[in-house]
Amino acid sequence: PGSSISFLTFWNPPTTAQLTVESVPPDAAEGKDVLLRVHNLPGDLLGCNWFRGETANTSHQILSYVVDTQETTPGPAHSGRETIYPNGSLLFQRVTLKDTGYYTLQTVTKNAQIEHVTGQIHGPDAPTISPSDSYYRPGASLRLSCHAASNPPAWYSWLSNGSPQPFTQELFIPSLTANDSGAYTCIASNSGTRLNKTTVQTITVSGKWIPRASELMSW
């Protein structure tokens, strides 16, 4: 009985660290090289496959790698600029706008354990403008701040009624007049993907203003 118990415990799958993928560098610009670095690759690896997209779709396979033969085989989505390493990492040479998006790594171990992990270059999300107040009295100051979730980090610019403003995350007008009424647009741009997202806030400057809590406190 003792030997059968030890035999069963031998087959308990070992607890392993989570398989993850990171982009190095996270803020690569067009024309630069990017490595999708793999962490915690299984030790008893038979092979691995990289795919374009969020699923292991064979028609979107980039490269496959077999450990025993150290053989690399290109797939339909291979552009000639991708290289797979024995540690599972995938190198992109001279990245372009078309390289942005999701990538999925499939690992296969010798005991037929299959695992998938997905990484991406993304962003920016639509920015948010704060504060959200729409009404201001003449002479008040306007300070609008813009923020967008983005990887790589976004850079920001503004339009005031269609006219470009300085490249800054915060727009400041010290003393508003009725002529400052209109649409204020924040543009968040991703330096890696070259994608833009915008949010518009309408500002009305008039005597008919709705007091904000901060102004009531100061009275």
Side-chain angles (χ1 to χ4, degrees), residues 20-36 51-55 57 60 77 79 81 92-104 118-216 218:
T20 58
V21 174
E22 70 164 330
S23 174
V24 182
D27 57 349
E30 283 192 282
K32 301 294 185 182
D33 293 355
V34 177
L35 182 70
L36 289 178
F51 302 88
R52 179 78 193 256
E54 296 181 78
T55 59
N57 186 331
H60 297 155
S79 73
R81 294 178 294 105
F92 288 81
Q93 292 177 287
R94 304 179 306 280
V95 293
T96 70
L97 181 60
K98 292 180 180 179
D99 294 322
T100 61
Y102 291 93
Y103 292 90
T104 297
T118 301
Q120 71 168 140
I121 299 175
H122 69 91
D125 292 343
T128 55
I129 298 174
S130 59
S132 57
D133 305 308
S134 299
Y135 295 93
Y136 291 80
R137 59 180 177 177
S141 62
L142 175 70
R143 188 184 299 271
L144 295 178
S145 182
C146 188
H147 176 74
S150 174
N151 178 29
W155 52 274
Y156 302 91
S157 56
W158 289 86
L159 298 175
S160 173
N161 289 326
S163 300
Q165 301 300 310
F167 284 80
T168 176
Q169 189 170 0
E170 188 174 86
L171 181 71
F172 179 67
I173 300 174
S175 183
L176 290 168
T177 69
N179 291 335
D180 293 314
S181 295
Y184 287 79
T185 305
C186 171
I187 305 165
S189 304
N190 182 310
S191 61
T193 62
R194 306 290 176 92
L195 297 174
N196 296 334
K197 291 287 180 68
T198 61
T199 296
V200 180
Q201 185 162 318
T202 302
I203 299 296
T204 301
V205 182
S206 75
K208 299 176 181 177
W209 58 280
I210 299 173
R212 289 171 291 170
S214 58
E215 290 176 324
L216 290 172
S218 63

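In this chain, residues are counted from 1 in sequence order.
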Point-to-point distance, once rounded to the nearest 0.5 Å, from CG of L144 to CD of E170: 8.5 Å
Rounded distance (nearest 0.5 Å) linking atom OG1 of T55 with atom CG of N57: 5.0 Å
Full working for side-chain contact (heavy atoms from CB on, under 4.5 Å) between S23 and L36: CA-CA 5 Å; S23 174; L36 289 178; 4.1 Å; yes
Close side-chain approach of S134 and T202, heavy atoms under 4.5 Å: no
For F92, all residues meeting ring-ring contact (aromatic ring centres under 6.0 Å, His included), sequence neighbours excluded: Y103
Residue list, side chain to side chain donor-acceptor pair (under 3.5 Å) with E22, at least two apart or on another chain: H39
Shortest non-hydrogen contact between G139 and S175, atoms and distance: CA-OG, 3.6 Å
Residue pair T198 / C186, side-chain heavy-atom distance below 4.5 Å: no
Exercise: identify the closest heavy-atom pair between P138 and G207: CD-N, 4.2 Å
Within 6.0 Å of CZ in F172, more than 12 heavy atoms from elsewhere: yes
Reported OG1-to-CH2 distance for the pair T168 and W155, which is rounded to 0.5 angstrom: 12.5 Å
Residue pair S181 / I203, side-chain heavy-atom distance below 4.5 Å: no
Check: A154 main-chain N/O paired with N190 side-chain donor or acceptor under 3.5 Å: no
Closest heavy-atom pair and its distance - Y156, A148: OH-N, 3.0 Å
Atom of R143, atom of P131 and distance for their closest heavy-atom approach: O-CD, 3.3 Å
Closest non-hydrogen atom pair, A77 against H60: CB-O, 3.4 Å
Considering all heavy atoms, the nearest R81-V95 contact: NH1-CA, 4.0 Å
Side chains of I173 and D180 in contact at under 4.5 Å (non-hydrogen atoms): yes
Heavy-atom check, side chain of I129 versus side chain of Y184, under 4.5 Å: no
T118: partners by side chain to side chain donor-acceptor pair (under 3.5 Å), with sequence neighbours left out: T104
CD on Q93 to CG on D99, rounded to 0.5 Å: 11.5 Å
